[in-house]
Amino acid sequence: MESEGKIVFTEEQEALVLKSWSVMRKDSAELGLKLFLKIFEIAPTAKKMFSFLRDSPVPAEQNPKLKPHAMSVFVMCCESAAQLRKTGKVTVRETTLKRLGATHSKYGVVDEHFDVTKYALLETIKEAVPEMWSPEMKAAWGQAYDHLVAAIKAEMKPSN
Ligand code: HEM
């Protein structure tokens, strides 16, 4: 929801994101892997973008380098939720956003990848905390992700 340029993200929405993450973080290695296996199942070509997967003889599901990227997605969505609630916008440092924009441009990440990742992220959370899952929780994570991704995309080159 948006009003006068500021996004309305409530304390309840922030709490929904943070309480589910506080449960999920205990299994973050497994969840991170699950998230990316879902992404690759839907969009197999996405695997080729990751240099450490492309150049490695180790199968993706055993590659330890997938975890840090998945953690970044989860953790930055949580941070985005807190920032949206406090200030009505994503306030990731300018230098970090510029770097993320440049990296994702360089590796050929396009809108569809962000869409697939959103779907896979919400499915992963739903399966991880079925007892907490609700339409409100889905919307809260979805908004935190969408606004974070919009901020990253704003720093991506127009050629992508
Ligand atoms: C909220 C969404 C996302 C966040 C927060 C995120 C975060 C990051 C971070 C922190 C890095 C490490 C490099 C750097 O700091 O510049 C990275 C690299 C990368 N990300 Fe993402 N990412 C997101 C979404 C995606 C999506 C949707 C894809 C494609 C499916 C993707 C593909 C990549 C690739 C290919 C790299 C480079 C990996 C390599 O070194 O080979 N990212 N991302």
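Fair warning: this is a prediction, and the values are worked out from it, not measured in the lab. Counting starts at 1 for both ligands and their atoms, following the listed order.
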Stepwise ring-ring contact (aromatic ring centres under 6.0 Å, His included) test for His147 and Phe9: CA-CA 11 Å; His147 291 295; Phe9 196 86; 7.8 Å; no
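Within a 6.0 Å sphere centred on NZ of Lys153, heavy atoms belonging to other residues, nucleotides or ligands number more than 12. Dense packing is recorded around CZ of Arg54, with more than 12 heavy atoms of other residues, nucleotides or ligands lying under 6.0 Å away. For CD of Glu30, the number of neighbouring non-hydrogen atoms (other residues, nucleotides, ligands) closer than 6.0 Å is 12 at most.
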One pair per line, please: each N/O atom of ligand 1 matched with every protein N/O atom under 3.5 Å away, atom names first, then the distance to 0.1 Å.
unit_1	atom_1	unit_2	atom_2	d
ligand 1	15 (O)	Arg99	NE	2.9
ligand 1	15 (O)	Arg99	NH2	2.8
ligand 1	16 (O)	Arg99	NE	3.3
ligand 1	16 (O)	Thr103	OG1	2.5
ligand 1	20 (N)	His69	NE2	2.8
ligand 1	20 (N)	His104	NE2	2.8
ligand 1	22 (N)	His69	NE2	2.8
ligand 1	22 (N)	His104	NE2	2.8
ligand 1	41 (O)	Ser51	N	2.7
ligand 1	41 (O)	Ser51	OG	2.5
ligand 1	42 (N)	His69	NE2	2.8
ligand 1	42 (N)	His104	NE2	2.8
ligand 1	43 (N)	His69	NE2	2.8
ligand 1	43 (N)	His104	NE2	2.8

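Using a 4.5 Å heavy-atom cutoff, the side chains of Lys86 and Thr91 are not in contact.
Summarising the geometry of Ala46 relative to His113, their closest heavy-atom pair is CB-CD2, 4.0 Å, with the distance given to 0.1 Å.
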